[in-house]
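Following: one structure in structure tokens, then a few remarks.
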Amino acid sequence: TDGTEAGTRRVFPFTTEPLIPEVSAIEPGIGQLYLRSLVGSLWRTDGTQAGTRQLVDGVGFPTISWLSSSSFRTLPDGTLIFQGCSGPGWSDCELWRSDGTVAGTQRVADLVPGPDYSSYPQSFVRMGAEIWFRAHDPDPYSSRNLLYRTDGTAAGTVPLPLPADASVYFEWGDGGKLGN
């Protein structure tokens, strides 16, 4: 839409999804929008039907998390950072990235290694040139969460130092940014 009734139109019918096709969240990129559906599919659009494509189907693997409103954020260069699950039944949920192409949609890091465990990265907040988020401790038997930061690369994804007795906890909520 351009904000007028005459300038508002459907860009894409989203009829290829076999389940619920509703768009549940939108995240701006550079010259494009990323769209997440309720079934966990990920799309990108430049506002035209020809420029709208599915990146992740959400029915096969991977799926994109729908658990919180901040389950995906973009870096300043337009790269999308999100939680993707590459196993059945929302398993093996780790940190993923997308440059807006199918080929450029890939796992960044396996923070809790192995297909039977997940780090469940969530509550993404853009902090300057990085995305900060919470994820499970790499020890799969720990119930602790850690605060991480990422620049979109495996080498640039590290936990932030916290006091020894601190753990990061959000009750199905989002982190927030206050100043810097």
Side-chain angles (χ1 to χ4, degrees), residues 1 8-126 130-136 148 150-154 157 170-175:
T1 186
T8 302
R9 68 189 187 294
R10 179 183 290 201
V11 173
F12 196 76
F14 292 102
T15 58
T16 59
E17 287 192 75
L19 300 172
I20 304 166
E22 289 92 0
V23 172
S24 64
I26 299 172
E27 175 70 12
I30 297 176
Q32 63 189 356
L33 295 174
Y34 291 98
L35 313 169
R36 182 190 66 214
S37 78
L38 288 176
V39 296
S41 65
L42 177 64
W43 296 73
R44 60 130 345 242
T45 185
D46 63 4
T48 67
Q49 186 166 352
T52 301
R53 59 184 61 89
Q54 189 176 44
L55 302 174
V56 170
D57 72 12
V59 176
F61 308 130
T63 54
I64 180 171
S65 173
W66 50 266
L67 295 175
S68 71
S69 62
S70 66
S71 63
F72 60 157
R73 290 287 181 253
T74 51
L75 290 165
D77 69 359
T79 300
L80 184 72
I81 302 294
F82 64 97
Q83 174 188 286
C85 303
S86 58
W90 294 92
S91 65
D92 200 14
C93 299
E94 296 295 340
L95 189 67
W96 284 65
R97 64 178 278 146
S98 180
D99 64 2
T101 66
V102 173
T105 301
Q106 57 207 1
R107 184 184 289 203
V108 173
D110 192 1
L111 300 174
V112 179
D116 297 330
Y117 303 101
S118 297
S119 67
Y120 298 109
Q122 296 179 34
S123 303
F124 294 97
V125 176
R126 186 164 151 191
E130 300 173 324
I131 303 291
W132 289 16
F133 61 96
R134 74 164 170 105
H136 285 218
Y148 282 84
T150 186
D151 63 2
T153 67
T157 302
F170 297 97
E171 181 67 30
W172 295 108
D174 301 334

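Numbering of residues begins at 1 and proceeds along the displayed sequence.
The CD atom of E27 lies 9.0 Å from the CG atom of L33; values are rounded to the nearest 0.5 Å. Atom-to-atom distance recorded for H136:NE2 and S119:OG is 8.0 Å, nearest 0.5 angstrom. Going from atom CG of L95 over to atom CD of Q122 covers 12.0 Å, rounded to the nearest 0.5 Å. Atom OH of Y120 sits about 15.0 Å away from atom OG of S123, to the nearest 0.5 Å. Interatomic distance, CG of L80 versus OG1 of T105, reported as 8.0 Å (0.5 Å rounding). Within the model, atoms CG of D99 and CD of Q32 stand 8.0 Å from one another, a figure rounded to the nearest 0.5 Å.
Between R73 and I131, the shortest heavy-atom distance links the atoms CB-CD1, 3.7 Å. Scanning all heavy atoms of the two residues, the minimum distance from W96 to R107 falls at CE3-N, 3.4 Å. For the residue pair P121 and Q83, the shortest heavy atom distance occurs at O-OE1, 2.8 Å. Residue Y34 comes nearest to L55 through the heavy atom pair CE2-CD1, 4.0 Å, listed as atom of the first residue, atom of the second, then distance. Closest approach of G152 to T150, counting heavy atoms only: N-OG1, 2.9 Å. Across all their heavy atoms, V108 and A154 have their closest contact at O-CB, 3.4 Å.
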Could you walk me through whether S41 and R36 pass the side chain to side chain contact (heavy atoms under 4.5 Å, CB included) test, one step at a time?
CA-CA 6 Å; S41 65; R36 182 190 66 214; over 6 Å; no
Could you walk me through whether T45 and W43 satisfy the side-chain hydrogen bond (donor to acceptor under 3.5 Å, both in side chains) test, starting with their C-alpha distance in whole Å, then the side-chain angles of each, then the deciding distance to 0.1 Å, before giving a yes or no?
CA-CA 7 Å; T45 185; W43 296 73; over 6 Å; no
CA sep, side-chain torsions, deciding dist, call: L42, Q54, side chain to side chain contact (heavy atoms under 4.5 Å, CB included)
CA-CA 6 Å; L42 177 64; Q54 189 176 44; over 6 Å; no
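Checked by atom type and distance alone, the side chain of S118 pairs as donor or acceptor with a backbone atom of C93 at under 3.5 Å. Not a single donor-acceptor pair under 3.5 Å links the side chain of T79 to the backbone N or O of L75.
The pair R97-D151 does not meet the salt-bridge criterion, since no charged nitrogen lies less than 4.0 angstrom from a carboxylate oxygen.
Applying the ring-ring contact (aromatic ring centres under 6.0 Å, His included) test to F133 and every residue at least two apart in sequence or in another chain returns F124, Y148.
Side-chain contact check for R44 versus T52: every heavy-atom pair is 4.5 Å or farther apart.
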